[in-house]
Protein chains: 2
Amino acid sequence: MTGGAQPPRETSLDVIQRELTAFARRARAAAARVHPELPLVSYTLLAHIEERHGCRATDLAAHYLLDKSTVSRQLAGLEKLGFVERRPAPDDHRVQVLHATEAGTKVLATARTNRQAAYQERLKDWSAEDLAHFAAYLLRYNDAGTNDLPDRPSP
Amino acid sequence: MTGGAQPPRETSLDVIQRELTAFARRARAAAARVHPELPLVSYTLLAHIEERHGCRATDLAAHYLLDKSTVSRQLAGLEKLGFVERRPAPDDHRVQVLHATEAGTKVLATARTNRQAAYQERLKDWSAEDLAHFAAYLLRYNDAGTNDLPDRPSP
DNA sequence: AAAGAACCGTTGTACTATACAACTGAAAGG
DNA sequence: CCTTTCAGTTGTATAGTACAACGGTTCTTT
């Protein structure tokens with residue numbers, strides 16, 4: 001590849017903008033279709049908690065650019081469903097260490113499988129090469145936007 | 001490029017899944033930051049209306065996979081803001097033909113500019129070639145999910 | 001050590017986006 | 001005609017989110 005005449009940057013930017021917007025609009029509904037038992041955000045948070053083997057609510061908020069109240073409520077929901085546990089941290093009584101329960105791990109595995117199946121199906125006609133490139137582009141795109149994470153200009 | 005050993009499909013699918021989810025989670029907030037005057041969905045609908053030089057609410061619902069009630073309320077908002085007009089269709093009294101007003105066109109132009117600037121900035125380090133490829137992948141990805149809705153202008 | 005600042009999480013309130021169902025009004029087809 | 005179908009609105013409910021105010025905790029500074 002390479003070498004050929006590319007469309008101008010403008011055009012590509014326009015397409016990227018439009019298509020990402022279109023995707024964002026559909027994402028929630030699509031996620032709900034794939035795993036109705038576990039809402040999109042809960043899924044993400046739960047996955048993060050499980051991956052880290054215990055983390056704090058504040059970490060989640062920082063990582064996902066969510067307000068702590070949002071996280072708090074999401075966690076309340078997850079706890080109500082019995083998917084996470086809050087353990088008081090022995091060294092700091094302000095924090096709660098979050099852990100995925102057995103049930104949480106299980107439902108997460110199911111959701112993950114369903115999601116993977118959905119993506120598998122949707123992208124079944126793609127070559128491994130195209131998948132790799134697409135994945136790389138997405139990574140690159142997202143990384144560009146999270147650079148501003150560490151510093152929250154607080155007035 | 002090409003030629004090299006690709007990561008297995010599984011891995012790429014996983015990355016795509018994770019990154020698209022991450023993107024979706026941030027999209028709304030990001031859009032609000034870029035053009036706070038015009039909510040994300042309203043922006044999209046207004047852009048569509050303007051582009052088509054008049055379309056029906058039902059078309060919007062079909063195209064964006066939204067419930068007609070959702071579209072109805074979005075349009076109510078846009079009308080209240082003076083950005084769209086509803087004109088009764090002479091041939092069919094059930095339908096309203098939607099048009100962007102002068103103000104709508106103007107605010108849309110501003111929002112579009114802001115968005116483009118944001119994308120421009122975010123993707124400034126990308127080569128034209130990479131942009132073109134990324135755009136193509138996004139198109140391909142989105143098309144796979146929207147096969148079931150060809151755009152039908154009114155008969 | 002006491003006072004104050006910084007931090008963690010919850011709760012009250014409000015708003016956007018969304019769906020589904022019930023409804024009104026208008027066309028279209030027997 | 002009368003029924004069915006279509007276009008759009010409205011009532012109700014839910015998820016996700018933010019911001020602001022608050023109650024405890026811990027850290028810092030005097």
Side-chain angles (χ1 to χ4, degrees), chain A residues 21-22 24-33 35-46 49 55-81 84 86-98 152 154-155, chain B residues 21 24-33 35-46 49 54-81 84-98 152-155:
Chain A
T21 303
R25 212 179 20 240
R26 298 196 206 107
R28 226 169 281 240
R33 231 178 303 125
H35 45 87
E37 295 309 302
L38 198 59
L40 174 63
V41 179
S42 298
Y43 169 80
T44 310
L45 297 185
L46 184 53
I49 291 167
C55 71
R56 306 176 309 160
T58 299
D59 297 339
L60 293 172
H63 193 270
Y64 293 113
L65 292 182
L66 292 171
D67 193 80
K68 47 190 184 146
S69 65
T70 302
V71 172
S72 177
R73 281 182 240 267
Q74 290 286 332
L75 292 175
L78 283 171
E79 192 183 30
K80 197 166 182 180
L81 292 167
V84 299
R86 298 150 131 134
R87 305 185 195 153
D91 52 318
D92 188 336
H93 269 222
R94 291 171 303 182
V95 320
Q96 315 166 137
V97 183
L98 304 163
R152 295 292 286 175
S154 211
Chain B
T21 303
R25 213 180 17 241
R26 299 197 206 108
R28 228 168 279 239
R33 230 178 304 124
H35 46 85
E37 295 309 302
L38 199 58
L40 174 65
V41 178
S42 297
Y43 169 81
T44 310
L45 297 185
L46 184 52
I49 291 167
C55 71
R56 306 177 310 162
T58 299
D59 296 339
L60 293 172
H63 188 50
Y64 293 112
L65 295 180
L66 293 170
D67 192 80
K68 47 190 185 146
S69 65
T70 302
V71 173
S72 177
R73 281 184 240 266
Q74 290 286 333
L75 291 176
L78 283 171
E79 192 184 29
K80 198 165 181 180
L81 291 168
V84 299
E85 245 179 12
R86 299 151 131 132
R87 307 186 193 153
D91 51 319
D92 188 337
H93 268 221
R94 291 171 301 181
V95 321
Q96 315 166 138
V97 183
L98 304 163
R152 304 228 313 107
S154 41

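In what follows, every heavy atom counts, from backbone to side chain, and hydrogens, waters and symmetry copies are set aside. Order of the sequence lines fixes the chain letters, A, B, ..., with proteins taken first and strands second; residue numbering starts at 1 for each chain.
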Under 4.0 angstrom, heavy atoms only, what part of the nucleic acid is A:T58 near: base, sugar-phosphate, or nothing? sugar-phosphate
Where is the tightest heavy-atom contact between B:Y64 and B:L45, given as atom of each residue plus distance? CD1-CD2, 3.6 Å
What's the NE2-C1' distance between B:H93 and D:dT9, to the nearest Å? 18 Å
Whole-Å distance separating the CG atom of A:D67 from the P atom of D:dA21: 14 Å
Can you figure out which of D:dG8, D:dT17, D:dG16 approaches the side chain of B:Q96 most closely? D:dG8
From NZ of A:K80 over to P of D:dA15, roughly how many Å is that when rounded to an integer? 10 Å
Partner of B:I49 by side-chain contact (heavy atoms from CB on, under 4.5 Å), out of B:L75, B:T44, B:V97: B:L75
Between atom CG of A:L46 and atom CG of A:L60, what is the distance when rounded to the nearest 0.5 Å? 10.0 Å
Counting just side-chain N and O atoms, does A:S72 come under 4.0 Å of either OP1 or OP2 of C:dT10? yes
Are any of B:T70's side-chain N or O atoms less than 4.0 Å away from OP1 or OP2 of C:dA17? no
5'-most by nearest nucleotide on DNA chain D - B:K68 or A:D91: B:K68
If you measure from CG on A:D59 to CG on A:L98, what distance do you get to the nearest 0.5 Å? 8.5 Å
So, does the side chain of B:R86 form a donor-acceptor pair with the base of D:dG8 at under 3.5 Å? no
Could you state the CG-P distance from B:L45 to D:dG8, rounded to the nearest angstrom? 13 Å
What is the separation between atom CG on A:L78 and atom C1' on D:dA15, rounded to the nearest whole Å? 13 Å
Comparing A:L75 with A:R94, nearest DNA chain C nucleotide closer to 5' gives the residue A:R94
To the nearest angstrom, how far is A:R56 atom CZ from C:dC7 atom C1'? 9 Å
Relative to the 5' end of DNA chain D, which residue comes earlier, A:S42 or A:D92, by the nucleotide with the nearest heavy atom? A:S42
Distance test, side-chain N/O of A:Q74 to OP1/OP2 of D:dG16, below 4.0 Å: yes
Under the 3.5 Å rule, do the base of D:dT12 and the side chain of B:R73 count as making a donor-acceptor pair? yes
In whole angstroms, the gap separating C1' of D:dG16 from CG of A:L65 amounts to 15 Å
To the nearest angstrom, how far is B:L38 atom CG from C:dT16 atom P? 12 Å
